[in-house]
**Q** 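Provided herewith is a single structure, encoded as structure tokens, for subsequent inquiry.
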Amino acid sequence: MPAQQPAVSVIMPVLNEERHLRDSVRHILGQEYAGEMEVVIALGPSKDRTDEIAAELVREDPRVVTVPNPSGRTPAALNAAIKASRHPIVVRVDGHGMLSPNYIATAVRLLEETGAQNVGGIMHAEGENAWEDAVAAAMTSKIGVGNAAFHTGGKAGPADTVYLGVFRREALERAGGYNEEFIRAQDWELNFRIREAGGLIWFSPELKVQYRPRPSVRALAKQYKDYGRWRHVVARYHSGSINLRYLASPTALCAIAAGVVVGAAVSPWGFLVPAGYLAAITVGSVPAGKGLSLKARAQIPVAMATMHMSWGFGFLTSPRSLADKVIASRRPAVRRDLASEV
């Protein structure tokens with residue numbers, strides 16, 4: 001690392017994060033990094049004590065500031081925080097993410113070594129109870145989420161996308177920031193545009209962020225339904241960006257539904273399809289649950305099925321009109337505003 005480390009701006013989109021916000025900011029301010037730092041928290045219309053906690057953090061440390069995000073949308077929050085920040089390196093952190101102690105220093109070093117426009121690492125899911133432990137195990141298992149390196153780990157190298165990200169500001173300015181029409185999948189979409197412009201996205205297992213999973217089956221189902229819904233929008237918005245991994249859950253959902261219909265209306269042999277799926281995730285949950293409590297291990301197949309079926313349902317039911325709306329809003333201002341104001 002150079003003797004004079006570049007100043008960094010940490011941006012945080014926050015909505016209903018009273019449970020984790022203070023710890024998340026504590027992990028940022030406690031970074032082993034010698035450069036100047038600021039933390040910009042974009043506050044959505046929370047229904048809990050998030051705003052109160054954020055105000056306390058601002059009073060306690062002059063490096064922390066807040067900006068409003070009336071819409072509550074993540075990409076709008078990120079753009080608002082970027083516009084309010086001022087440093088050449090921009091670090092994205094969520095309100096329920098906990099950075100490892102040398103995360104920023106390592107990311108800045110990797111930007112310099114690789115010449116990348118954005119670097120990121122592993123979304124290291126960790127729970128605080130049996131259900132969250134089960135979700136964390138599912139989210140770090142290949143049978144749960146496929147071969148995405150930022151979930152399951154892997155060798156350092158170029159990537160389609162990374163978890164969160166540490167950006168060069170000029171890359172964000174050239175891209176025009178996040179597309180605010182994408183309520184979900186905005187990270188993948190932004191990284192796609194950076195790559196299309198010739199920029200390098202770099203994954204490294206050296207970078208790790210602790211992630212707190214959703215606290216209930218319902219919340220997890222909504223999260224993954226939204227993921228699938230908006231990933232289909234990205235595929236329609238950026239033609240040719242889909243790959244086979246994203247079709248696995250929709251295909252599984254269709255096969256299971258067909259098997260149930262055939263089993264109920266034609267032949268019991270049709271039930272072999274859903275039975276085979278249940279057997280696969282049950283067997284796959286055994287290595288995923290190593291070291292966890294019996295209660296947590298028993299819930300891993302539930303977490304996996306919730307993730308797969310919800311993602312598949314969201315993908316299959318994503319309305320064409322949603323993609324058409326995003327395409328119709330493709331205005332130069334989306335990419336001009338940020339570059340002119342930052």
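Owing to the predicted nature of the structure, the values given are computational and were not obtained by experimental measurement.
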**Q** With hydrophobic residues grouped by side-chain heavy-atom distances under 4.5 Å, do Val40 and Ile89 end up in a single group?
**A** no
**Q** For Arg174 and Gln117, what are the C-alpha separation, side-chain angles and deciding distance, and is it a side chain to side chain donor-acceptor pair (under 3.5 Å)?
**A** CA-CA 11 Å; Arg174 283 195 297 269; Gln117 304 302 303; 3.0 Å; yes
**Q** Taking Glu180 first and then Arg73, would you say they form a salt bridge - that is, a charged N and a carboxylate O separated by under 4.0 Å?
**A**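 Here Glu180 does not pair with Arg73 in a salt bridge, since their nearest N and O are not under 4.0 Å apart.
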**Q** Could you point out which residue of His20, Met98, His96 forms a side chain to side chain contact (heavy atoms under 4.5 Å, CB included) with Gln210?
**A**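 Going through the options one by one, the only one that passes is Met98.
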**Q** For the residue pair Arg22 and Glu56, what are the closest heavy atoms and their distance?
**A**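 Minimum heavy-atom separation between Arg22 and Glu56: NH2-OE1, 2.9 Å.
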**Q** One pair to check against side chain to side chain donor-acceptor pair (under 3.5 Å): Ser85 and Arg169. What are the steps and the verdict?
**A** CA-CA 10 Å; Ser85 66; Arg169 178 177 290 275; 2.7 Å; yes
**Q** Using a strict threshold of under 4.0 Å (side-chain N to carboxylate O), is an ion pair present between Asp226 and Arg229?
**A** no
**Q** Identify the two heavy atoms, one from Ala116 and one from Trp202, that lie closest to each other, and give their separation to 0.1 Å.
**A**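 So the minimum-distance heavy-atom pair works out to CB-CB, 3.8 Å.
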**Q** Within a 6.0 Å radius of atom OH on Tyr277, are there more than 12 heavy atoms belonging to other residues, nucleotides or ligands?
**A**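 More than 12 within 6.0 Å, yes.
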**Q** Are Ile143 and Met309 linked, directly or through intermediate hydrophobic residues, by side-chain heavy-atom contacts shorter than 4.5 Å (ILVMFWY only)?
**A** yes
**Q** Work out which heavy atom in Ala175 is nearest to a heavy atom in Arg193; give both atom names and the distance.
**A** O-NH1, 2.6 Å
**Q** I need the single residue from Trp188, Phe182, Phe315 that forms a ring-ring contact (aromatic ring centres under 6.0 Å, His included) with His232. Which is it?
**A**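 Among the candidates, only Phe315 passes.
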**Q** Would a hydrophobic clustering, with Ile, Leu, Val, Met, Phe, Trp and Tyr connected at side-chain separations under 4.5 Å, put Leu15 with Leu78?
**A** no
**Q** Check Glu17, Arg19, Glu18 against Arg49 for a side chain to side chain contact (heavy atoms under 4.5 Å, CB included) and give me the one that passes.
**A**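 Of Glu17, Arg19, Glu18, side chain to side chain contact (heavy atoms under 4.5 Å, CB included) with Arg49 is met by Glu18 alone.
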**Q** Let me confirm one number: the OG-CD distance from Ser216 to Glu132, rounded to the nearest 0.5 Å.
**A** 9.5 Å
**Q** Give the intermediate values and the outcome of side-chain contact (heavy atoms from CB on, under 4.5 Å) for residues Phe192 and Ile201.
**A** CA-CA 9 Å; Phe192 181 88; Ile201 310 299; over 6 Å; no
**Q** For Arg231, is there any backbone N or O sitting under 3.5 Å from a side-chain donor or acceptor partner on Glu189?
**A** no
**Q** Where is the tightest heavy-atom contact between Phe271 and Ala264, given as atom of each residue plus distance?
**A** CZ-N, 3.6 Å
**Q** Check residues 292-307 and write down every donor-acceptor pair under 3.5 Å in which the side-chain atom is one partner and the other belongs to a residue at least two apart or another chain.
**A**
unit_1, atom_1, unit_2, atom_2, d
Ser293, OG, Ala296, N, 3.2
Arg297, NH1, Leu292, O, 2.5
Gln299, NE2, Lys295, O, 3.3
Thr306, OG1, Val302, O, 2.7

**Q** Will you find, in the side chains of His27 and Tyr103, an N or O donor that is under 3.5 Å from an N or O acceptor?
**A**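 Not at all, the side chains of His27 and Tyr103 share no donor-acceptor pair under 3.5 Å.
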**Q** Count I, L, V, M, F, W, Y as connected when their side-chain heavy atoms are under 4.5 Å apart, and connections chain through other members. Are Leu207 and Val209 then in the same cluster?
**A**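 As far as the 4.5 Å side-chain criterion goes, Val209 and Leu207 are connected within one cluster.
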